[in-house]
Amino acid sequence: MRRRIIDNYLYASLATGTVEFIRATCTMSTPGNQRATAKVDRKRITDRRAQRNHRERVKAYISHLETTVEELTKASQKGSEQSLLQKLQEKQLEIEQLKRAIRQANEALRTALGAASSISPAIAETVHKDSPGIQNSWPPVASKDETTQGHNHRKIQLESIFEQRDISPSTSRGSQFHNDNRVKNLHSPYGNLACGDGQVNYFQVVNESIVHVLSAGPLTTSADDDDDLAIRAILHGWNAVKDDKPLDHGWNFLRALDQGLFHRTGPVERLAILRLMRSMLMSKRGSPEHSAGQIPSFMFPTTMQTLVTHACIVDFFVWPNLRDHLIASETSHTPEAAAAHYATEIQLSWPYQVRDAYRYNEEKGKFQFSIEFNNVYYDLKSWQFRSNPALKMLAANGPMSSLEGRLQASTSVLMSSLDPNGFIEAGAVAGY
């Protein structure tokens with residue numbers, strides 16, 4: 001028993017000594033720990049100060065950038081406004097110069113023509129006098145009493161531009177296709193679209209037909225149906241298409257025009273012309289079945305088309321420069337032979353076979369134009385004239401490329417037909 005008490009005492013003394021030793025050791029290392037802690041604290045303070053300074057610099061730089069962007073934006077807006085105003089003033093000046101030049105050309109042409117025979121008032125499109133696009137423009141919309149008198153001075157023949165040739169249907173490029181693509185038993189109002197070599201004013205005849213189509217009621221076919229019909233008409237002939245399903249008044253007009261005039265050109269050209277004219281008719285009728293993308297961009301109205309009253313037929317010519325020329329010269333008369341020659345001159349740059357212009361869609365059961373044909377069809381550079389230099393010049397230059405050069409170029413061509421003896425000076429017409 002005493003032994004156990006002694007052992008416990010020894011153990012207690014040993015444990016007490018160990019604890020005191022540990023305490024002494026801890027007491028001896030306290031200054032080092034304090035120094036390490038102080039160093040860590042100083043580093044933390046330094047880091048916080050550096051981070052605060054960095055944030056302040058970033059904030060200041062962002063503020064500087066925002067101020068710079070705001071100043072540049074204001075300056076850019078002011079510059080854009082000034083640039084737009086300057087362009088607007090230039091366009092207004094150009095329009096005024098065009099109006100003045102057209103007035104001078106008109107006066108000279110009236111003097112040269114004298115009292116010409118009148119043409120049908122249906123040539124001109126009816127435009128309201130208060131229309132914002134026509135206000136203060138020239139020529140003004142004539143009243144009903146002035147229409148006949150005004151048109152007496154607007155008969156301009158294009159014999160010198162469209163070289164007259166005796167074109168026999170038997171030798172036409174389109175005659176290799178079906179013979180039923182000729183005018184047969186067509187009833188009024190499209191029965192007079194057969195174009196021969198006479199002196200009938202074919203310009204007026206086609207214009208009155210277009211006006212009739214646009215006023216005869218809505219056209220409700222879809223773009224897919226129209227493409228299919230145009231392709232079938234060229235492949236199988238108009239009689240087969242008509243027997244398959246009845247044609248609306250728009251397609252009856254295009255059938256008569258194709259059989260009467262455009263059978264002289266190639267099948268690919270006929271495909272393109274039918275598609276283009278049908279899309280233009282649908283667009284003018286405001287058909288919801290046809291989108292704006294169906295019309296090539298080069299068929300959009302030019303500035304002169306917007307400002308000057310003109311015959312409806314002018315909007316259907318492919319080349320914008322040629323349309324402007326027809327408006328500037330107030331063209332209203334084209335004999336049949338000249339119209340026939342114009343049709344033979346139209347050429348589409350198509351390097352493939354006719355069968356490559358279309359595909360048959362099995363799912364829809366309809367023909368549709370191929371991608372290759374669409375690429376050519378929507379490119380104005382693909383629409384050309386075969387050989388006539390005067391037509392090529394008017395399509396390339398027209399009266400709108402520059403006020404001086406274009407108007408003088410078109411005027412010189414007009415003068416050659418109006419005044420073969422050279423009594424009228426072209427410079428006096430252009431006003432320069």
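Quick caveat: nothing in here was measured; it's all calculated off a predicted structure.
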Using every non-hydrogen atom in the two residues, find where Q199 and P335 come nearest and quote the distance to one decimal.
OE1-CB, 3.5 Å
Hey, does F262 have a side-chain heavy atom less than 4.5 Å from the side chain of I346?
yes
Decide side chain to side chain contact (heavy atoms under 4.5 Å, CB included) for E330 and I102; before the verdict, give the C-alpha distance in whole Å, the side-chain angles of both, and the deciding distance to 0.1 Å.
CA-CA 10 Å; E330 292 189 306; I102 293 173; over 6 Å; no
Any chance you could lay out the side chain to side chain contact (heavy atoms under 4.5 Å, CB included) test for K284 and I210, step after step, and finish with the verdict?
CA-CA 11 Å; K284 285 182 173 291; I210 293 175; 5.7 Å; no
For F367 and L235, what are the C-alpha separation, side-chain angles and deciding distance, and is it a side chain to side chain contact (heavy atoms under 4.5 Å, CB included)?
CA-CA 11 Å; F367 286 99; L235 287 181; 4.0 Å; yes
For S349, which residues count as a side chain to side chain donor-acceptor pair (under 3.5 Å) partner, sequence neighbours excluded?
Q384
Contact list for residues 227-241, test salt bridge (Lys or Arg N to Asp or Glu O under 4.0 Å), sequence neighbours left out:
D227-R275, D228-R232
Does the side chain of Y358 reach to within under 4.5 Å of the side chain of F373, using non-hydrogen atoms?
no
CA sep, side-chain torsions, deciding dist, call: R48, I45, side chain to side chain contact (heavy atoms under 4.5 Å, CB included):
CA-CA 5 Å; R48 284 196 293 268; I45 294 173; 3.5 Å; yes
For H54, side chain to side chain contact (heavy atoms under 4.5 Å, CB included) partners two or more places apart:
R57, V58
Would you call E372 and Y352 a side-chain contact if the rule is heavy atoms closer than 4.5 Å?
yes
Side-chain touch L274/I234, heavy atoms, less than 4.5 angstrom
yes
Note, K39 side chain near K43 side chain (heavy atom, < 4.5 Å)
no
Is there a side-chain contact between M299 and L276 (heavy atoms, below 4.5 Å)?
yes
Note: F203 and V314 closest approach over all heavy atoms is CZ-CG2, 4.2 Å
Taking side chain as C-beta onward, heavy atoms only, is T303 less than 4.5 Å from L307?
yes
Take a 6.0 Å sphere around CD1 of I371 and say whether it holds more than 12 heavy atoms from other residues, nucleotides or ligands.
no
Please work out whether the ring planes of W238 and W251 are parallel, tilted or perpendicular, with thresholds of 30° and 60°.
tilted
Taking C-beta and beyond as the side chain, do Y378 and F298 meet within less than 4.5 Å on heavy atoms?
no
